[in-house]
Amino acid sequence: MPSLDLHADLVTLTRALCDMPSPSGQERPLADAIEVALTAVPHLEVLRDGDAIVARTRLGRPARVVVAGHIDTVPVADNLPTRLMGEGLHAEIWGRGTVDMKGGVAVQLALAARLAEPARDVTWVFYDHEEVAADLNGLGRVARSHPEWLDGDFAVLCEPTSAGIEGGCNGTLRVEVRVPGVAAHSARSWTGTNAIHGAGEALRRLEAYEPAAVEVDGLVYREGLNAVGIRGGIATNVIPDECVVTVNYRFAPSRSLAEAEEHVREVFAGYEVTVTDAAAGARPGLDDPTAADFVEAVLAQTGGAPAPKYGWTDVARFASLGMPAVNFGPGDPLLAHKDDERCPAWQLQACHDALGAWLS
């Protein structure tokens, strides 16, 4: 089994994590290595559910913080092993997972090993299957099977934020819009109705759609409604009798799932619309006293101001548990999943120092 040195410098630790490929469904070797490394830390109690590892302090502090990150990545695209470009804090680590989100996991692991006497009790969560269907998500599985493992007053999700604080997250809704037709031989097309041609109207509605910018608790969330897939036809000499357009709606956390679905059905009035996946967003929650204290302490070191998280993240799972949560981690989220994914060393250090100072 590959081993992890939790006391190595952050660049070395990040590269070690990334160079153990762990696409969703293949996290076991990395989960094993994390479990072994954390079990050797005397001030931590280590628990495991599948390929999710939970390590926590039991110091009897009056408050508990959950710090979480997923250990899986999207598939490797010939971008491992990692490469190091530059030196010192000006260096960048290139490779799959450096941004999403093993840079954040490296920060977690380094702090978990170092902070024997934090001012707040800390639960460190490293979970599997975040990059795939919501029902497989390891954090959701732990919440269902062992909800007490996630007890806390506040949560930090170390998703990439370029070392800034991003509050809450948009919700996401995926639907299939079905366009009917009538099958016929393509040599006698006038006897049928081409469903793919008929999809043009649904696509024009999307092209004309103007997404909203919605202010929620002082942060402005940008919505989006986009076609992300289209399918139709059974053979090259048959007029297709059905075309299906897959549409993804990213909606502000002020909307409920029911309101988001109603809105999409209004846009596609006259079409059959089937919901295939949905997850509610999370309000920023920055008015919570612990969240406000975190923001003040972190921004005193990093500067800037809180921003909204446009993508969906597992802060929404914490919100569903009644726990305010923020996104805070190294790496530019615009580089997540890209072939040229890369994370600056200075952001690893900035997140490590700011989170460590607050927890201390």
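Owing to the predicted nature of the structure, the values given are computational and were not obtained by experimental measurement.
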Over all heavy atoms of both residues, which pair between P330 and V107 is shortest? Give the atoms and the distance, please. CG-CG2, 4.4 Å
Residues forming a ring pair (Phe, Tyr, Trp, His ring centres under 6.0 Å) with Y127, sequence neighbours excluded: none
Who pairs with F268 by ring pair (Phe, Tyr, Trp, His ring centres under 6.0 Å), at least two apart in sequence or on another chain? none
Would you kindly say whether T57 and D121 are connected by a side-chain donor-acceptor distance under 3.5 Å? yes
Enumerate, atom names and distances included, each donor-acceptor pair closer than 3.5 Å involving a side-chain atom of residues 269-277, sequence neighbours excluded.
residue: Y271; atom: OH; partner: A202; partner atom: N; Å: 3.4
residue: T276; atom: OG1; partner: R174; partner atom: O; Å: 3.2
residue: D277; atom: OD2; partner: R174; partner atom: NH2; Å: 2.5

Should the ring pair F294 and F154 be called parallel, tilted or perpendicular, given that the plane angle runs from 0 to 90° and is split at 30 and 60? tilted
Side chain to side chain donor-acceptor pair (under 3.5 Å) contacts touching residues 146-157 (sequence neighbours left out): D49-H146
Kindly indicate whether the side chain of D332, heavy atoms from C-beta on, has any atom under 4.5 Å from the side chain of V99. no
Give the table of side-chain donor-acceptor pairs shorter than 3.5 Å for residues 210-217, with sequence neighbours excluded, one pair per line with atom names and distance.
residue: D217; atom: OD1; partner: R283; partner atom: NH2; Å: 3.0
residue: D217; atom: OD2; partner: R283; partner atom: NE; Å: 3.3

Quick test of your reading: applying side chain to side chain donor-acceptor pair (under 3.5 Å), list the pairs with at least one residue in residues 302-312, sequence neighbours left out, ordered by first then second residue. E166-K309
For Y249 and H263, I'd like to know if the aromatic rings sit close, meaning centre-to-centre distance below 6.0 Å. yes
Which heavy atom of H352 sits nearest a heavy atom of A110, and at what distance? CD2-CB, 3.9 Å
Are H337 and E131 linked by a side-chain donor-acceptor pair shorter than 3.5 Å? yes
Flag, side chain of D9 to backbone of V11, donor-acceptor distance under 3.5 Å: yes
